[in-house]
Amino acid sequence: MTVQVQSKVNHLKVSQARIKQFAEWVLLQFNKANYNLNIVIIDDAEMSWFNEQYRQKSGPTNVLSFPFADGAEIDLAFLDVKELGDVIISIDTATRESIEYNQTVEHRLNWLVSHGILHLLGYDHEKGKKEARKMAKKEQELLKEYTLTRRTQMTHLAINVDHVATIRQARGITEPDPVAAAAICEMAGASGIVIHLREDRRHIQDRDVYLLRETIKTKMNLEMGANKEIIKIALATKPDLVTLVPEKREELTTEGGLDVFSQKKKIAKTIEKLTAKNIPVSLFIDPIEEQIQASYDVGATFIELHTGTYCDATSEKAQANELQLIHTAADEAASLGLRVNAGHGLDYHNTAQVAAIDTIEELSIGHSIISRAVFSGLDLAVRDMLKIVQQAGR
Ligand code: PXP
């Protein structure tokens, strides 16, 4: 299989791995799996140059196809040539069009890739209405079929119950108990329970970790810093997953992803210790290419993409940009063979967009769910107490 994808723009804006996967799949549908194809992602400035040079049109366009040996004087038909040619796509125009058509950039890019390849295979919408209809129908068929080949599992929801422990610790008594909260979350359908055992034990306590290990029926994901004492507890309790996070005493919650890139040795050592006991390790990282590659290099099984910047974005544009970074990072990580989770700051308004990314397996959500539970449970809690108060004197 020889599809080459090259990006001449900021790499993380677009997942080359995803484009390659789709293009290879399209070629397979036409029994052209062994043909060479080049796809180049460029910006509007370069696309304008191509558009002017080859079509005498000013301004950028979305996609241009250049069949192999186009314009050659000799007839190549008799040669056993397995070259299709080049497809060039402007990421700037693709992004603009995705907003215009209310699609993800990935969907738009897939459409442009299919459009470009169909041109190389002889389809041409400029030859008339009938040809245009034929080409559009084929594009729609390809995109629909490809969508059906994607995600096979629904996104999992793991619930972080640290916040229940925070309320307990505020009083220094025994309730509310995160162990009981975990059971309710599981009964409601959560696929896993997340707890963060911090060095300062500000919410989850050692007792919670040991008890939850006994009671959790789904999966226990233990978040922790790469700290000696905590590693010991992880080795003793054997969670289903350990997520390594950066930990600063002064922070209110985890701020920013783990810098795996500049601590490769230390993190690789921790991963080695844990995986030797069959505990898979996830690394909580920002959606940055060098952190993904470093996570792969140190032997992580999972990454958890930090969604905090996406959730904190204050404009639609900034949020769309952050979502695009997460989407691309997830695709790139998955193409390396890493499994991908995501979380931090996800709430009832910003979660659906992340859950729609098919390379993300699981979302880890805490604060927004516990916050809503306070209000959705408050009415009943007041009525229950009122009953006691009002009936006591009767
Ligand atoms: N993932 C990680 C690594 C976290 O540290 C946290 C916060 O404890 C979460 C997910 C959940 O974030 P939130 O409570 O904002 O949903």
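Order of listing sets the numbers, starting from 1, for every ligand and every atom in it. Please read all numbers here as calculations on a predicted model, not as lab measurements.
Here the options are Asn34, Asn38, Asn36, the test is side chain to side chain donor-acceptor pair (under 3.5 Å), and the partner is Thr2; only Asn36 passes.
One option in His163, Glu304, His196 has a heavy atom closer to atom 10 (C) of ligand 1 than any other, and that option is Glu304. In this comparison of Glu223, His203, His344, the heavy atom closest to atom 2 (C) of ligand 1 sits on Glu223.
Each of the following atoms of ligand 1 lies closer than 4.0 Å to a heavy atom of Val245: 3 (C). Every atom of ligand 1 with a heavy atom of Gly366 under 4.0 Å away is listed here by number and element: 13 (P), 14 (O), 16 (O). Within the listing of ligand 1, atoms 1 (N), 10 (C), 11 (C) sit less than 4.0 angstrom from a heavy atom of Ser364. Per-residue contacts place Gly345 under 4.0 angstrom from the following atoms of ligand 1 (heavy atoms of the residue considered): 12 (O), 13 (P), 15 (O), 16 (O).
Using a 4.0 Å heavy-atom cutoff, Ser368 is absent from the residues neighbouring ligand 1.
In this structure, His115 has its ring center under 6.0 Å from that of Trp111. Proximity of the aromatic rings of His119 and His125 is defined here by a centroid distance below 6.0 angstrom, and this criterion is met. Aromatic rings from Tyr54 and Phe66 are positioned such that their centres are separated by under 6.0 Å.
At a heavy-atom cutoff of 4.0 Å, ligand 1 is contacted by no atom of His306, backbone or side chain.
The pair Arg18-Asp331 meets the salt-bridge criterion, since a charged nitrogen lies less than 4.0 angstrom from a carboxylate oxygen.
Using a 3.5 Å distance cut-off with no hydrogens or angles, the side chains of Ser90 and Asp44 do pair a donor with an acceptor.
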